[in-house]
Amino acid sequence: MSVSRPYPLPLSLLTASLLLASLPSHATETVAVLPHTEVDASLLALRERRESINPKQVIDGKELRRYGNGSLGDALRRMPGMHFGGPPGENKDLRLRGLDKEYSQVLVDGRRLPDSGEKRELQLDQIPMAMVDRVELIRSPSAEMDAQGIAGTLNIVLKKRSADTRQLILGAASGDQRPMDGSAQFIWGQADLQQQWLIGGGRQSRTIVKGKDKITSNPAGVQTAGEQEHETKRFFENYLTPHWGWQGENGDHLSLDLLLLDSEMHKDKDKYKFKAPGVANGSEFEKEKMDSRNLGLALAWEHPLGERTQLDSHFSVRDLDDHKRKSKLSYKANGAFDKLETEDEQKTDREWQVGQSISHWLGEEHELLGGYDLGLKKREKSKSKLSNGVSSSEVKDRYQLEEKRVDLYLVDTWKLAENHRLKPGLRWEAAELDSEIPGSDADSREAHFAPSLHYRWDFASDWALRSSVARTVRRPKFDDIIPSTQSKSGTLSDPNQIGNPDLEPEESLGYDFGLEHYFAEQRGLVGLNLFRRDIKNLMESVIFEDASDGQYYSQTQNTGDGKLWGAELEFNSELGWLGLHGLRLNAGYSWLDSEVKDTSTGKKRRFKQQPGYLANVGLEYLLPGTPLTVGGSWNKSGAYEDELGGSNDSTAMDAIEYIDLFVNAELSDSTTLRLAAENIGRAQKDQQKLSYNANGTLKNREDTREYSEPLYSMSVEFRW
């Protein structure tokens, strides 16, 4: 339940915690220090999923690297339940269960990572695939986790298992209209019985090319306007991820992790406008450069307080610095210069996190865990815009934010009987948010109780039934809570824009019920998960008329309640039991539905941009007597239709599908060659928008098509 009364931030607790946590850290995963052993990562991922009490998927890095992708987003696109917004080929904004990106939480090693987006999202195309050990898709969180993922949480686990290993990966990629891109990445680690270290790093370039055509027609179907657009984004990325761990004789474990992500992006976009086919109506040429650096430090300490009690502590600081420069030249229909628009934007985002937990075993199968997390986030944005030398900046282009978090949790993990496990928990999250723009400031406070209850019943050999209930939250976009007023024309089509510092976060009570069967010899499973989310305090943009001045305003407000439900079916197994030895099938289907009552129209509708289903099929086959594994994948997201609030206008999107192929060749025990052809079907997004007059008659129709081209890649991995 959300409460608005103020609470004191315990600064004394923060000070004491910093002193303790400057030595230690409660890491998401405990990394045992062992001498060199060969471990099957797919078996570890299956075992972790099987032993979990709350429902989650675990995907190991070997499976994700089949196609040799440079970014994590491109690799995840093929996985069950994964959906991305944006144009085809740009897999950066994760949309679990088809909801918008702010409903999905993305963590790195269980902690938040700063990003420049306003919706608290993390762009997955910025995470190099070579950094990733595995990913965990947590459908329903337990109380020791951040409660922010209403649709679910994706936890990215970076490589730390540092048995003696050395790897070098060299790659190249290109396409019809793409330049040649390359990559060079390395991993080097050593371990003994007391300490371990691993360092990974590399540099890569990658290119995203997209085209866009838009045609506007009158009610008679005659074209009245059109646009043709071509865009190229090229990224140059560097990363470095050192890890060090030390194991003491008394059970102490210390670890230190550093993270450096450095990216430089260049974008070129050309747009040509038309009044009618062949009749020019002007053009635009845009250039953009983005420099981004994400630097992080994490310390961890695990300290036994006795035979049955352990203290875990953590401290981390992460710093983001983004600088974007953009210019756009516009020309009239006759080719004469129209205007020059420039933009310079600087964003900094720094977040400190510190916390401790104590776990105590009441018996061999009964553990109590209690702890706290404290966080301090500082964010600053400064953007200047000029149009022909005259400032066109908006009020909310300059702001400062400071967010303080206090999280407390208590979890009880209990093996009730041989085949029954229960995990109840209670989490309390409280936040203070101060926002400031030139000439104005505002502050707000909010607190949430997030109880959870997870149960697993192993009712037969290789069968598990899970049921979960958990409360989660979605916090407001940063630029929605700025105390700003931006004057526009004040009409219904161009309303003034105002911020809402009093915006309440959304809260959800979620239910999951799942059944899984595991194929031991085939190293796979088949599973069905049913889910429902009851959401209150929905945050949506509302346009209203102010009686005092007769002008229209747009503001994000809490508009009411909504609900989301669906079913997720998954199959992943070798097919030797069907006589198809060497063949493996990975398939998934998610059926999605939702309901929101639109306050402006009174009508019921689905959540915006939510497809009706997500489907994927992946096959891989080990050719007998050869070192070759060949395979491919097909994935598709269903169509959807949105009604735009405040009018009868509507937008419809057709289904989108991708086809990819790969060949992996184990040339020797120490060398692997990967070849891939992605998006060979040239995926495209077809959208139709219908606009109506006040009397309900059709005003115009816009047909938009976005498309991308195939990508061909090769990589060679050397191990010694």
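If you're wondering where the values come from, they're calculated on a predicted model, not measured in any experiment.
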>> Has Asn616 got a side-chain atom pairing as donor or acceptor with Arg78's backbone, closer than 3.5 angstrom?
In response: yes
> Between Arg206 and Asp74, is there a salt bridge with N-O shorter than 4.0 Å?
Replying inline: no
>> Quick check: closest heavy atoms across Ser205 and Phe236, and the distance to 0.1 Å?
In response: CB-CD2, 3.8 Å
>> With rounding to the nearest 0.5 angstrom, report the NZ to NZ distance, Lys271 to Lys214.
In response: 6.5 Å
> What heavy-atom pair brings Tyr658 and Pro88 nearest, and what distance separates the two atoms?
Replying inline: OH-CA, 3.2 Å
> Is it true that Glu717 and Arg719 make a salt bridge, defined as a side-chain N closer than 4.0 Å to a carboxylate O?
Replying inline: yes
> Can you check whether Lys347's main-chain N or O pairs, donor with acceptor, with Lys383's side chain at less than 3.5 Å?
Replying inline: no
> Within the side chain of Glu709, is there an N or O that forms a donor-acceptor pair under 3.5 Å with the backbone of Gln177?
Replying inline: yes
> Going from OG on Ser316 to CZ on Arg111, what distance comes out if it is rounded to the nearest 0.5 angstrom?
Replying inline: 6.5 Å
> Within 45 degrees of the axis of the six-membered ring of Tyr67 and under 6.0 Å from its centre: does Arg674 put its NZ or CZ there?
Replying inline: no
>> Any salt bridge linking Arg350 with Asp319? Criterion: basic side-chain nitrogen under 4.0 Å from a carboxylate oxygen.
In response: yes
>> Is it the case that the side chain of Asp100 and the backbone of Glu102 share a donor-acceptor pair, with hydrogens and angles ignored and the cut-off at 3.5 Å?
In response: no
>> Going by the rule salt bridge (charged side-chain N to carboxylate O under 4.0 Å, His left out), which residues pair with Asp181 if we only count those two or more places apart in sequence or in a different chain?
In response: Arg234
> Rounded to the nearest 0.5 Å, what separation is found between the OH atom of Tyr707 and the CG atom of Asp686?
Replying inline: 11.0 Å
> Does Arg97 reach the main-chain N or O of Ala151 with its side chain, forming a donor-acceptor pair under 3.5 Å?
Replying inline: yes
> Charged N to carboxylate O under 4.0 angstrom, Glu227 versus Lys212?
Replying inline: no
>> Walk me through whether Asp60 and Leu44 qualify under side chain to side chain contact (heavy atoms under 4.5 Å, CB included).
In response: CA-CA 8 Å; Asp60 70 274; Leu44 290 176; over 6 Å; no
> Just one of Lys324, Lys328, Arg325 clears the salt bridge (Lys or Arg N to Asp or Glu O under 4.0 Å) bar with Glu343, so which one?
Replying inline: Lys324
>> Please check: side-chain N/O of Asp133 versus main-chain N/O of Leu158, any donor-acceptor pairing under 3.5 Å?
In response: no
> Under 4.0 Å between a Lys/Arg side-chain N and an Asp/Glu carboxylate O for Glu429 and Arg405?
Replying inline: yes
> Quick check: does any side chain N or O of Asp125 sit under 3.5 Å from a backbone N or O of Ser71, one acting as donor and the other as acceptor?
Replying inline: no
>> Has Glu121 got a side-chain atom pairing as donor or acceptor with Leu94's backbone, closer than 3.5 angstrom?
In response: no
> Any ion pair linking Arg66 and Asp660 (charged N to carboxylate O, less than 4.0 Å)?
Replying inline: no
> Closest heavy-atom contact between Asp257 and Lys160?
Replying inline: OD1-CE, 3.3 Å
> Looking only at atom types and distance, does a side-chain atom of Asn635 sit under 3.5 Å from a main-chain N or O of Arg77, one as donor and one as acceptor?
Replying inline: yes
>> Apply side chain to side chain contact (heavy atoms under 4.5 Å, CB included) to residues Gln148 and Arg120 and explain how you reach the verdict.
In response: CA-CA 10 Å; Gln148 190 154 289; Arg120 302 173 186 263; 3.6 Å; yes
> Just wondering, more than 12 heavy atoms not from Lys339 lying within 6.0 Å of its NZ?
Replying inline: no
>> Using a 3.5 Å distance criterion without hydrogens, assess whether the side chain of Thr241 forms a donor-acceptor pair with backbone atoms of Leu259.
In response: no
> Do Lys273 and Glu284 meet the salt-bridge criterion of a basic N to acidic O distance under 4.0 Å?
Replying inline: yes
> side chain to side chain contact (heavy atoms under 4.5 Å, CB included) between Leu295 and Asp321: does it pass, once the steps are laid out?
Replying inline: CA-CA 9 Å; Leu295 181 63; Asp321 190 355; over 6 Å; no
> How far does NZ of Lys381 sit from CG of Asp397, to the nearest 0.5 angstrom?
Replying inline: 5.5 Å
>> Looking at Lys56 and Glu48, is any side-chain nitrogen of the basic one under 4.0 Å from a carboxylate oxygen of the acidic one?
In response: yes
> Should the heavy atoms of other residues, nucleotides or ligands under 6.0 Å from CZ of Arg178 be counted, would the total exceed 12?
Replying inline: yes
> Per the side-chain hydrogen bond (donor to acceptor under 3.5 Å, both in side chains) rule, which among Thr348, Asp291, Asp344 passes with His323?
Replying inline: Asp344
> Crowded around Trp244 CH2? As in, over 12 foreign heavy atoms under 6.0 Å?
Replying inline: yes
> After noting the C-alpha distance and the side-chain angles of Gln57 and Arg139, does the key distance pass the side chain to side chain contact (heavy atoms under 4.5 Å, CB included) rule?
Replying inline: CA-CA 8 Å; Gln57 296 172 246; Arg139 289 170 168 155; 3.3 Å; yes
> Got a sec, which residues hit salt bridge (charged side-chain N to carboxylate O under 4.0 Å, His left out) with Lys377, two or more places apart in sequence or on another chain?
Replying inline: Asp349, Glu351
> Minimum heavy-atom separation for Ser387 to Glu341, with atom names?
Replying inline: OG-CG, 4.0 Å
>> If I take atom CE from residue Met653 and atom OG1 from residue Thr704, how far apart are they, to the nearest 0.5 angstrom?
In response: 8.5 Å
